[in-house]
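Whatever order the structure lists ligands and atoms in, that order sets their numbers, starting from 1. Numbers for residues simply follow the sequence, beginning at 1. Keep in mind it's a predicted model, so treat the numbers as computed, not measured.
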Amino acid sequence: MSARILLSLLMVCCFSVVATAFDTVVIDAGHGGKDPGSVWKPHYEKTLCLDVSKRLNTALKAKGFKTVMTRSVDTYVELSDRAAIANKYPGAIFVSIHFNANLDRTVRGFETHYRSDRGKLLAESIQAAMKKSVPSKSRGIDWEDLKVLRETKGPAVLVECGFISSRTESSDCGSWKHRQMIADAIASGIAAVKGKL
Ligand SMILES: [Zn+2]
């Protein structure tokens, strides 16, 4: 192999590393406005999603990331508009924040959904970081054909932070300290894959 070919190969490698070292995170607080998400009194999913998203926003900025929020107030944003916001930032990753509910009140824990291969790596990293520091049950990661994941071009995940319907987890979901722990864990999981997606 000539030195010239080797050099151009190296350049291709370097450029692809730069292209995947994302520095922008699009944070998507689930639901909002007329769409409350799951409601399990006293909890409204949309309110908890926004709170965790704001905490995640602060935590990521502290780690040097640029951030974009698809909503920062209690307003309704269409799913396709959320993906369109993310697609305006070609190098960005997309993290959607949700809480879960189930009529079976023993069901609890956090889980992360993905759809693409790069999304899977991000999901694994976030789930591992949450498992390490969030005192609830890890339900693992899971492939899901969700609209926001399908329409978002970059690596994308949807984190279900916990069950507001759970007898044991509901009060934790209502605690800001618990929600801070969740946000910090998600931020660590994102930072751990910077440059690796
Ligand atoms: Zn939801």
Side-chain angles (χ1 to χ4, degrees), residues 25-57 59-60 67-86 93-116 119-120 122-123 126-127 129-131 134 136-152 154-176 178-183 185-187 189-190:
V25 182
V26 178
I27 304 166
D28 177 47
H31 311 281
K34 68 180 183 185
D35 169 18
S38 297
V39 179
W40 204 285
K41 296 286 172 65
H43 300 310
Y44 283 78
E45 185 189 350
K46 65 174 184 177
T47 311
L48 299 180
C49 295
L50 183 56
D51 180 83
V52 169
S53 296
K54 285 180 174 173
R55 294 176 190 279
L56 177 59
N57 185 39
L60 287 171
T67 58
V68 177
M69 294 185 75
T70 58
R71 71 177 179 97
S72 52
V73 292
D74 182 18
T75 186
Y76 179 71
V77 184
E78 293 281 355
L79 293 177
S80 49
D81 291 340
R82 295 170 193 256
I85 292 169
I93 63 162
F94 176 85
V95 180
S96 189
I97 302 295
H98 287 252
F99 280 80
N100 239 327
N102 195 301
L103 287 175
D104 179 351
R105 299 198 63 201
T106 64
V107 177
R108 67 188 182 96
F110 49 86
E111 61 197 26
T112 308
H113 302 300
Y114 66 91
R115 194 172 175 279
S116 67
K120 185 178 184 184
L122 178 59
I126 289 174
Q127 191 71 19
M130 288 180 80
K131 199 173 171 180
V134 178
S136 183
K137 183 182 165 190
S138 171
R139 296 167 57 82
I141 65 165
D142 182 24
W143 187 93
E144 286 273 356
D145 189 23
L146 301 169
K147 189 176 168 87
V148 281
L149 303 182
R150 189 168 62 239
E151 293 188 2
T152 306
V157 294
L158 186 147
V159 185
E160 293 278 5
C161 298
F163 281 79
I164 58 177
S165 51
S166 157
R167 274 198 193 93
T168 51
E169 201 170 36
S170 169
S171 60
D172 281 344
C173 294
S175 148
W176 70 264
H178 186 81
R179 295 196 301 272
Q180 185 64 49
M181 238 184 284
I182 290 170
I186 296 172
I190 291 170

Open item on the list: Less than 4.0 angstrom from a charged side-chain N to a carboxylate O is my criterion; do Asp145 and Arg150 meet it?
Closed with: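 Looking at Arg150 together with Asp145, the answer is yes, because their closest N to O distance falls below 4.0 Å.
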Open item on the list: Under 2.8 Å from the Zn ion (ligand 1), which protein N, O or S atoms do you find? Ignore water molecules.
Closed with: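 You should have found His31 NE2, Glu45 OE2, His98 ND1.
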Task: Nearest non-hydrogen partners of Ile186 and Cys161, listed with the distance - done: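 Between these two residues, the closest heavy atoms are CD1-SG, 4.4 Å.
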Open item on the list: List the residues meeting side chain to side chain donor-acceptor pair (under 3.5 Å) with Asn102, not counting sequence neighbours, and say none if there are none.
Closed with: none
Task: Interatomic spacing from CG in Asp28 to CZ in Phe94 - rounded to 0.5 Å - done: 3.5 Å
Open item on the list: Please check this pair: side chain of Glu169 against backbone of Gly109, looking for a donor-acceptor N/O pair closer than 3.5 Å.
Closed with: yes
- [ ] Indicate yes or no for a side-chain donor-acceptor contact from Glu160 to the backbone of Glu111 under 3.5 Å, with no hydrogens or angles considered.
- [x]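 Between the backbone of Glu111 and the side chain of Glu160 there is no qualifying donor-acceptor contact (under 3.5 Å).
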